[in-house]
Structure formats: C-alpha cells, structure tokens
Amino acid sequence: MESEDEPLLLQADWSLEEDEEQEEGEAEEEMERQCSFAEDGGVRGLWEAVGWVYTQPWLCGLVLAAGVLLPCVLAAYMFLRCPPLDIDLSYSAFEVRSHSSAQRFDALTIALKTQLGSWDRRRRDVDDYASRALRDLLLDRLKAEQGGTSTVGGDYNNSRFSKAERQKLFEERSLHKGDDELSRVGDAEDRSSGQRGAEGDKENDGNTTRLVEHENHEAKKAQGDVEKGRSPHLVRVPRFVAGAPYYSYLQSQALWRMELVFLAQGEGDNNIFTPERLRTIHRVERLVMQHPQFRQFCWKPLEVLRDLPLGPSYCSPPSSLLSYLFPSERGGKIYYDGMGPDLADIHGALSLAITHPQFYWYVDETLTPDTLRSSLLRSEIHFGAPLPSFFSLQDRPEEQRRRFRSFVVQYADILARQSTSQVKVLYGGTELFDDEVRRTFHGDMLLALISGGCITALVYILTSFSVFLTFFGLASIGLSCLMALFLYHVVFDIRYLGILNGVAAFVIIGIGVDDVFVFISTFRQAFHLVQPGQRMVYTVKTAGRATFLTSFTTAAAYAANTFSQIPAVHDFGLFMALIVSCCWLWVCLLMPAALCLWSQYVAPLESSCLKQCHSGMSISHTPLSDQDEDIALMSVEFESGSCDPDNDTPLLSLAVETSPPVSGQGGAGLVSAGLQGVLQHWVAEPVVEKRRVIVGLYVLVLLVSAGFCCMLRPASRAPLLFRSDTNLQTLLELRSNLSAQGISCHMCSGLFMEKPHSLHSVAHPCPSVPGTPPQQHPSSQTYSEPHASTKPISTATQKDLLLTVYVSKLDVGAAITLYRFSLNASVPSPWKALTPGNGEVPSFQAFSGPHSNFSTRMTVCVSHTAHPHPRWMITSRSCDPRSGWRSEFSFYVASAEQHHSRKLYFAQLRRSPYPSRVCAAPPGCVISAGPDGPTQGAFYTPLSGDSTQTTSSKTSGFNPCGGGGCGRPAVRPLVDTGAMVFVVFGILGVNRTHRKDNHVIGDMGSVIYDPNFDLFKEIGYLCQLCKAISANTRLVKPGGAQCLPSGNSLTSLLPLLHPECQSLPQPNLLPGQLSHGAVGMHGGTVRWLSMAFESTTYKGKSSFQTYSDFLQWETFLQEQLSALPKSSALRRGFQTCEHWKQIFMEILGVESALYSLLLSLAICIAAVSIFTAHPLLLLPILLTILGVICLVVAIMYWLGWEMGAVEAISLSILVGSSVDYCLHLVEGFLLAGETGPQMASHSASSQDLSALRQWRTLIAVDHVGVAIVSSAVTTVISTVPLFFCVIVPFAKFGQIVAINTAISILFTLTVTAALLATMGPARFTRPPGAVLKACLVVLGTVTFGFTLYWAGGHLMGPVTWPTVTT
C-alpha cells in the first residue's frame, strides 16, 4: 500500500523539486568557482597547516601540554590572587531585586538597619531608644504649643487635656531619663563586672533569697538617688555581695540558640501531650544537656540561682513546656525546671502553663484552652556568651562564634537518630540549619563523583576499551570547566556560585562526551584516506563543524537564561553557556592531538594488552580499530538502477563496498561495530521503510501530549527545596505554623514564670480570677494514664509489673551461638543456662507494661523456619511475619539511665541464622558491625533484687492545680504566624545606581526619602489609616495592628496631637515582644514611619494563590490613600511584605523561564536556519523539538508535577538539550549529499529522488548514530545520580534532563529520520553561498519583527505580554 501511494504523495512536490534542482545546479557552478578561489587563497594553506600540526607527534604533545597547563595556571591564579568565590545556597538567591515588591521591602530593610542597626531580637536597646526619641520629640512639640493655639489638633488639645496633665507627662519624661541613665549604668556594670555562681551542693535557697533581696534593695536605693537629683554616675548596682554565691559573668547573655520541634506521628491520635511522647521528648532534652561540652557553652542567667537542682553547673535547661511537665523536687519544694525524673499530671501542668501567654509560643495554632491538644511541641536550648577565656561579647566575636559553631554542629548526628515511631525530632537554629544545608549540598555534589565513575567506565566501553582516549576525552571536559570558571569569575567579575550551578557538574559530562564521541567516530570513519594529513583535516573539518553547530545552539539556549531577572537563573545561564563553549573549544583542541598520538603509538599497545587479557577469545584487532564496519562515506557507490519505482525493498538492501583492510590492521571495534550494526538493521532500515507510519504516530503523540500540556496547572503549594521527609524541608514547612524567627522566648519556661513553692501545697499559689469559678476543661478526662493521678503507684502494683527474662544458649557451630529468651526459668535440652562472666547475662528484669520512664517497648521474636533450631531476636519494632518471625512476648525498659538501673547491650548477627544476644559490656556483644537500630543498641533495666529501684519520685503525677485551679487561661497572643505586612510612609524607594550586579549578596543600595513627609502635619491621617486597616478583618488578624513602635508612653501622647489618635488599636503581643512598627529619625525630625499588620495570609500557600492576597492589600491601600488630599505626602505610601518577595520570586521565575524557553527556541530556529540553509532541513528539526517539549511536559503532568519555579527553570533548557541529536542527524544527511552520488539528470523521476532521500538518511544514521546514542546513554547515566539528591531542584532537574535526553534520542532516530526520508532535499549540498544567504534572510526577518513590534507599540500603545497570574 505504501509503494502504491508514494507517487501520489510526491507528485505535489514535483515542481518544487525541479526548481530546486535548477537552483542547485547554478549553486554548484558558483560553488566550484568559489572553492577554486578559496583553494588558491589562504584557506587551503590553513587546513594544510592544521593537518601538518596534528600529524607531528611532538607538536601534538605540545598541544596537549598547553591545553592542560593553560586552564590549570589560570585556575591557580583565580584561586590564589582573586577574591574567593562565594557559594550562595540561600533561597534568597532567586529574589528579583529589580521588582517593585523587592525594592519596597529592601528600602524598608535598609532604613531599619540604618536607624536600628539590625532587625532581630537584639535590637531591643536601639528600638527603645527610637521610641524614647519619638516621645521626647512629641513632648517638645506639645511644650512649644502650650503658649498659644495649637496648629495640630485645633482646640482639642486645650479642651480635653489640662495643663496639669501635660505637666505630669513632662515629669514622667524626666523620670524616664533617669531610668534610662540608670539602665545604661547597669548595662555597663553587666559588661564590666560579674559574680560567680553557686558551686557544689552547699548552696541553699536562703542564700539565693538574700542575694535577690539585697540586689532589689540596692536597686531601689539607686532609684531613690536618681529621683532626688543625685548624679547617677555615683550609683553602682552591686553584682555580688558578701556571703552570696559567687556567680560567673561568663555565659550570662543568651547569644545563640538551638531549636527543637517534636512532631507527633504514627497511628492513632496525633496529640503530642501523651505520656509516651512526652517521655521521649524529655529523654531528648536530657540527652542534649548530657553532651560533654554543654557546660562550656550553656546559658547561665542569674535567675537559675534559685533553682537548687540545677547546681552546681547552673546551666539553663531548655526553654520548653516540659519545665511544667517534669518538675524537680529539692528540700520539699517544687522547681519547674524540667529536670525531674517522672512525669507530672499532664492536664494539671498544662492548666498551669496556659495561664501565661508565653504558653502559646510552644504549640501549634490549633490548641485552645478547651482542647489542650497540639500536633507539635517546640523547645529552645540557649547558649551563653562570653565563652570561657573571653572577657566580653566584643572580645574576638568571630572566634567565639567559630567555637560555638564547631560545638553545636555535633548535635546534628545525635538528634538525627532520636526520632521514634511516635515522635519525629526536628532540629534547627541558625548555625545548625546552615551547617546541614552545606552538608546536604556537599553530599549531593559527591554524587557527581559517582556519576563521573559511571561515565568513565561507560566511555571506556564505548571507545572499545581505550584508556588513552577515555582519559583525554574526559580531561578535555574537566579542563573546560576550569576555563569556564575562570571566565565566569575573573572576566565577567561574578563572585557568587548559586545552587543551580551545581547542576553543571552533571550536565556538562553528557554534553562534552557528545563532542568527544563525534571526533572519535569521524576519525574512525575516515580510515580510507591514506594520507594522515588528509585524514586529520577531514576529521577536524567534519567533526568540528558538526559539534560547533550543536554546541552553538546549546550554548545559545542556555544563554537565553541570562535575560532572566532572577540572579540565580541569570548566573546559571551564563555559567552553562561558558562551559558548553569552552568544552567545544577544548575538545577541538585536544582530541585531534590525542587521536594522532593514539593511532601512532598507543593503539598497538592497547591491542597487545587486550590480547593478553582475553587470550581465550579470538581478538586480533586494536580496540577502536580503524577498519571497522562503518560505511566509508567517500567511497560508497550508489546504484540508481537498483531502485524499483513500485517497491522500496531494494533501497534497504543497498550494496556497500568497503575498502580492503590495510596491511597490518583489520577487523572491527567491538562495541562500536556491534552498536552500529544494531542501529543500521534494527533502527534505520525499519524507520525508513515505515516512515509514513512513524510520521502518523508522531502527529498522534503530538496532539495527545499537547492536550495534556494544557492540563498542567501552576503550583498549588510552596516550592520544595529539599526532600519532603528531611529535617530541613519539614522545618521550612512548619515555619508557616510557628512564630517568626525574630521572636525568641528564652525566658518563657516555668523556670522563669513560676517561683519554687512547697510540695505539700495542693493548689498552686497562682489564684483564680475573683468571681471566676475554677476552670474545668473537657479534655481533663483525656489523660487517663498511670501518672495522671497524684497518688503514687503502690509497691505491690510495682512488683506485679516486674518480670524476669531468662537467657540460655546453644552452640550450633564453631563460630555461631544461638540465644534463647524466655519468661520461664526452666532450660530445655539441649539448651544450656548462662553463667555470669565474659559479658554474659543469665537473666534481667523488666516491666510488663509502661512504668515511669521505663516506657521503651522491646519485642522478643521467634522463628522456626529455614533452620533446624528455633531462633530468637530482640527488636524495638514489631516482628516481620514475611521473614518467618512471630512475636513471643514484650517487655518495657528505659532508653536513658535511671536511678538504680543498669545498662545492657543487645545486637543481632547480620548473617544466618541471625541470632540476637544480650550482654553487659560492648566487647562481648559486638557480634554485628553497624550503627544502632531496631535490632542493635542498648537499654536500661531495673536492678534485680532492689525494691527501691522503681519507686516513683515525689513529683510523679504531681498536679499543681489539684486544689482550686490555676487561674484563667491567657488570651492567645500573635506570634507572627501570618505574613507581616508593613505600610510605609516617608520612603520613595531604593537607589541602586552604584551597584555592579543584581545579586542578593553585597551592597543593597541606599534609601530615597520623601522630603515632603511631615509627621505632625499628617498625624491625623496616619491614625485614620491605622484604624481603617486594622478594622479590615479580611486582611488583618484581630489584635494584629502594630501602628506604633514599642513603648507605652506613645499611646498617651498621640491623643494630645489629634483627636483621631484616640483609641488606637493595641497589638496582642507576647510579653516582652517588640512591636514591628518603627519610625526613622534623623537630625531631630521624623523621616519615615512604618505600621505593621499581621495579615490573615497563610504563609504555607503557593505563590499563585497568595498573589490574590497581595492584590487585595494593594487595592485596599490604594483606595484608602486616594481618599486623602492630593497635597498629602501619604499618597506616596506603599505596602510591602517579605512574603510578597517570595511569591513574586516564584511567579517571575516561572514567567522568565517560559520566556527564556521561547527565546531559546527563537535562537535555535535562527541558528539552525543559518547552518542548514534549507527550509526542508529546518522543518524536521523544529517538529522534533516541538514533539520532545510537548511529550516531556505531558510526562510531567502524568507524574503529578505542577508548574513551579524549579520545573519552569528546567524546561528553559529543553530546547538546547533537544536540538543536539537531531541537528547531528541533519548534518550527517548533508555530509552524505556532499560525499555521495549525485543525480546527473535534472529530469530525474520522483522515485529516484525518494530513493536518494532514503539512502542519505541511512548514511546519516550510520555516520552519526553511534556517536549520538553513546552521548545520550552517557547523559542519562550522568543524571541518574541526581535522582537521589536531597536538594529537590537537583533531583527534578536530573529527572527532566534524563527524560528529555531519552525522548530526544528516540525522536531523532525515528521521527527526524522518517521526516528526512520523506521530505528532505534529495540533491541539496549546502554550498557556501547558501549559508550567507540564510544569514541575510534571518537577519532581515529579525529586523522586520523588531520594526513591526516598534511600530505597533507607537501606533496601538505598548504591548502587554500575558503573564502566569493573568
């Protein structure tokens, strides 16, 4: 059927073919004239010089030496003499600094840093100073207005506030000044002197009480001196007194912190407040404090002196709710420090803790006073400074920070192993989090070594086991990376390497190997050229041209990303473009020299080595022999008479004559010849024969995949940076449910909130609110656990819980001993009882159920399969029935050391018959190497024969609210769980004219202030705006308005200036939490003001969903500002938020990546049009690229992906990765036309032209098939290690590149080949004039497009491009 339809299908192209043939005839004549002229000129001499250089071994050696030394010398200069490269692994590297959202927020950030010095919890002193300065300025204004009529506020100031009231405010002002000076004196004393803490166990509570009372007395005395007008400089607050404990000044200031978050997981109720989970958390917190170096870095505040159980180190325990749940007892008093051994009454402890608003800082947002349930629990461990051997915080601060960092990073490995089936332990903090990010990045980069090893082995195989060519092929790629890095850092003066640049280590391997294979394959196929110079010139010209086309289009596609506004994407595009370009240059420089030396010296040596290694095999040829089964393109004879017009079969059985083997050489390269044969007989011939079927299938696949592409939706969640199950990503996702990092609650635990009180007091001393009955919570019946009662467990009940596990053994071999665990003391034959000694444990006691801290469940499993004797195993998990294990019995032990307990070790042999053993010391129990796990580790058991070892402490089940309740629960404060939006006035923008780059690291610029902003003139409108915005409950949370800086005096002053400033909304903050509202003052005037509002925007939403919230804020604020008078400077105000920067980061990332995709496609079309110089050669390439992109996007949809920033950035390089293979095939098609037979008659039939197309397609596949398949395989294998990366952008990038590469090679060998065999120009040979004509056509088309765009913009207005959000 196909042969019958072929004339009809080709008849429509008949006239086109005739015109084409006439043009080609004229072009051939012109080409001959040009070629003769060129040969007479310097071109021929240049190629002769190239051929002579690459045939002289000594010159080839010089070329190789120069190619190796030059990058190494430049790299050494770069690393030794140039500024170091900064590796920016932060998420902020993707911020678009030029966007208005980023400029607004950066302007506010710079203004705050200029005013306050920093924007975190350590800005308290300067923030209080700004508040006092504003208060003084307002008082000065009011004082100036006392003598006449006020211009601000009208008669309101005179009618509502008397002079006496104003005078009272002025007196308060003078008193505050005294307080400020006293505070500064006290701070100076804090920094210059100190007192040593209590050491040993001789301290008592009376000493601490006297110390506190004495300090209070001295402070009151100092205050009285100030009030009496005495010089505050004569007042000295003593830091220690006679008879008081000597407390050290060292580590008394909380400078660093480590954050712990405990998540409830597992089956059942995800409530963290269960006995088992709380004991696990308590064990982890105790484990942190048991670190050998903890005392050298712990925080030692003065307040811990009253807590006697913390002596003698007096290190502050973790800031945690466990301070209420695990209180300690000393001398008949309860101390809420979390250091007690037993769990108190859960509901009673939580009822006491919730009376303080700080309680809500530790739990999630779902907890309410009626339902004391939370899915997580938060803790902080604070570390103090100055460290030992340092005098103050300013004494070598970098060294102190370095010492602390080296200490705290040790917790990462410890805490990573503490998660259980019920509790997931997350750990963070600035130093710990940053260190884990670095380790994750370095770990992922180590996968590049695995990739390099796999690629080396694969290239070694595909070069037919040539070590020499493998080495120099990979060396040329590595040296090109050094050269590209030098250009990137020194020439382009970019000092930052982003996280995306790490992907280059994986991708460049596949791209570089492509060029290497093309050179090797071309050199092999030119064996018929007897003269070495001619062979080398042919190799350099043919392979160099083919690799230049693909490298140029690939580099151009990557370079299209340099137009991106995102710094990380811009740097990545430039870096990849440089690497691809340098790789092509270095491969062209080194590979011809390496091939020359290999063919003359190395090939015989490799051949003899292979003969010796495979003496049993009939191998008599060189690895990568010249005389393989490749078709010699320049010696192929085409018999046109063998083509039957009615049948295509003769085309598939063309007779190909090869040159006879050269004397002394013969045979074939094993791998290359085999792969070439497979491609010829199983790919090329079937594709050419069934070309119409393949084209039809391609159209069907294109339509289906295009339909699925339309179904791909924008991302519905925040982008993932790390794998979802990692500690890093879980912490990032929880930030939307936790308070902001700037809020620290280091004094929120029971240690600071509660005073020690008598254990015998049933009710807590905190009274209930008068007239309010004791709070009864419905959740009080939830905690019906053994320790939920104040009545301790009786000794009889305790003995009932105890059980004894007996151990016996059986020797079944010289090196294997089976151990039997039973609750029965009898020992059946042939088992033998153990005797103490050598670490053997004949028996041990445990509990049959959870008891106190003995809550770790161990299971004894038994198996009767696959072995003549039963086998026993101890595990902390359940038995695996699939492996033949069934549960025998369970017992409960402690995972941490307890009073009157002993430590036992257990381990399982990791080879058959997998016995478990329990021993008293590690040397006798190490029967299996490896880390601790479910079947290997240690536990603590109660000492046998001691009746007191399990006696509960006095705090076990203690209920602090057992009498009459603990008081009314506190109202939940706002802890920055929503996006904080700032409304800013007095700032116009940021000036970045002096910045050299757009990177986030470096100088942020300077603030442009509004010279017309006058606080006193606009004070009424500001108060109106504050009330209007806070009243919008759709945008602002109740109590979320923070219009003023910290300081209560401002609230009483503002109503004096304007009536609108009465009853301003007050924020609901944590005690001690600073307001986010701020003012900027300079030269005694207010330059700018920002009001903060905690919005209802949930920070866990995707950027595309949050964009609607941004629009609501922008629209509402503009409506409010437009209602102000036109002369008001407030109309130039704006709203900004750090979260807005993040959402626009992803939105603009997707948009710029899609535009980069279109730009790279346009560049690719222009480049291919110039290089192919024929539209019928351009069309197969475009159709192939279109099909590849559509199918890759469809596969992304099938995999359940969404279009986020990572996916869009990965798609932006698809064009550059897709064009390589099909362009190589088209280049082979052109090469076949230049070296193959020509149709002499212009009136050749369509059957002859069709046969010629098919022949050229077969030759093209035969010529480049091995090279492109080898390149595709190496590219896929180089990206496979990326699948296992923890960093999600790396993993997704690798998956997309692997999928794209596989589809590209598949489409090239099928679709492109079928299209060339169907519509390729049969007689086109690309004369030099055609390339110039194509270049002029492309240039004219681009000029016409820009002219049309410019004219349309002037006639119809600016063109608005569609965006992702619209």
Side-chain angles (χ1 to χ4, degrees), residues 259-288 320-322 325-326 343 346-347 350 362-367 371-379 414-428 722-734 737-738 779 781-788 846-861 873-883 885-887 889-896 931-937 939 1100:
E259 185 177 11
L260 299 179
V261 180
F262 303 95
L263 293 179
Q265 63 180 3
E267 299 179 357
D269 186 15
N270 283 336
N271 179 24
I272 199 67
F273 296 120
T274 62
E276 182 179 359
R277 292 186 173 115
L278 292 175
R279 292 189 183 101
T280 301
I281 298 173
H282 184 243
R283 175 182 58 82
V284 174
E285 292 184 352
R286 293 291 296 271
L287 183 65
V288 171
S320 169
L321 283 183
L322 265 64
L325 293 162
F326 285 87
L343 180 64
I346 297 177
H347 183 265
L350 296 180
Y362 297 102
V363 296
D364 62 20
E365 277 200 318
T366 62
L367 185 142
T371 57
L372 296 177
R373 304 166 60 85
S374 175
S375 61
L376 60 87
L377 192 60
R378 189 178 181 183
S379 298
I414 298 174
L415 296 173
R417 300 192 299 265
Q418 302 307 316
S419 296
T420 65
S421 59
Q422 296 293 317
V423 179
K424 184 174 184 179
V425 181
L426 306 176
Y427 49 93
F722 307 95
R723 278 207 308 255
S724 57
D725 59 340
T726 59
N727 173 73
L728 293 172
Q729 185 59 40
T730 309
L731 276 181
L732 290 176
E733 292 177 349
L734 280 177
N737 199 24
L738 296 175
S779 58
Q781 300 177 358
T782 304
Y783 309 101
S784 56
E785 298 291 340
H787 293 290
F847 287 94
S848 60
H851 178 69
S852 186
N853 289 332
F854 294 88
S855 58
T856 301
R857 186 174 185 264
M858 307 296 294
T859 303
V860 176
C861 307
M873 173 184 67
I874 295 181
T875 177
S876 60
R877 296 181 179 175
S878 58
C879 304
D880 186 5
R882 296 174 297 179
S883 302
W885 297 98
R886 63 175 180 82
S887 177
F889 60 91
S890 299
F891 57 90
Y892 288 81
V893 292
S895 57
D932 292 349
T935 59
Q936 181 169 323
F939 54 79

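Sequential numbering from 1 along the given sequence is applied to the chain's residues.
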Sub-4.5 Å side-chain heavy-atom contact between Val284 and Phe262: yes

Is Cys861 close to Thr875 at the side-chain level, that is, under 4.5 Å between some pair of heavy atoms? yes

Side-chain contact test, heavy atoms from C-beta onward, threshold under 4.5 Å: evaluate it for His347 versus Leu372 and give yes or no. yes

Across all chains, not counting sequence neighbours, the side chain to side chain contact (heavy atoms under 4.5 Å, CB included) partners of Arg857 are Thr859, Ser890, Tyr892

Here the pair of heavy atoms bringing Ile414 nearest to Leu287 is CG2-CD2, 3.7 Å

Straight-line distance of Gln418 CD to Leu426 CG, nearest 0.5 Å: 13.0 Å

Counterpart residues, side chain to side chain contact (heavy atoms under 4.5 Å, CB included), relative to Arg286 (two or more places apart): His282, Gln290, Met339

Value rounded to 0.5 Å, distance of CG in Asp364 from CG in Leu376: 4.5 Å

How about Ser855 and Arg279: does a side-chain donor come under 3.5 Å of a side-chain acceptor? no

If you measure from CG on Asp725 to OG1 on Thr730, what distance do you get to the nearest 0.5 Å? 7.0 Å

Is a donor from one side chain sitting under 3.5 angstrom from an acceptor on the other, for Asn270 and Ser375? no

Considering all heavy atoms, the nearest Val425-Ser419 contact: N-OG, 2.9 Å

OG1-CZ distance between Thr420 and Arg877, expressed to the nearest 0.5 angstrom: 10.5 Å

Check whether any side-chain heavy atom of Leu321 sits under 4.5 Å from a side-chain heavy atom of Phe326, and report yes or no. no

Assess the side chains of Glu285 and Ser379: does a donor N or O sit below 3.5 Å from an acceptor N or O? yes

Closest non-hydrogen atom pair, Leu731 against Tyr427: CD1-O, 3.0 Å

So CG of Leu350 and OH of Tyr362: to nearest 0.5 Å the spacing works out to 12.5 Å

With no hydrogens and no angle check, is any side-chain donor or acceptor of Thr371 less than 3.5 Å from a backbone partner on Arg373? no

Does the side chain of Ser895 reach to within under 4.5 Å of the side chain of Phe939, using non-hydrogen atoms? no

Set of residues satisfying side chain to side chain contact (heavy atoms under 4.5 Å, CB included) with respect to Thr726, sequence neighbours excluded: Phe722, Arg723, Leu728, Gln729, Val1286

Nearest 0.5 angstrom please: Ile272 CD1 to Lys424 NZ, how far? 12.5 Å

Report yes if the side chains of Leu263 and Val423 come closer than 4.5 Å at any heavy-atom pair, otherwise no. no

I'd like to check Val288 versus Leu260 (side-chain heavy atoms, cut-off strictly below 4.5 Å). Are they in contact? yes

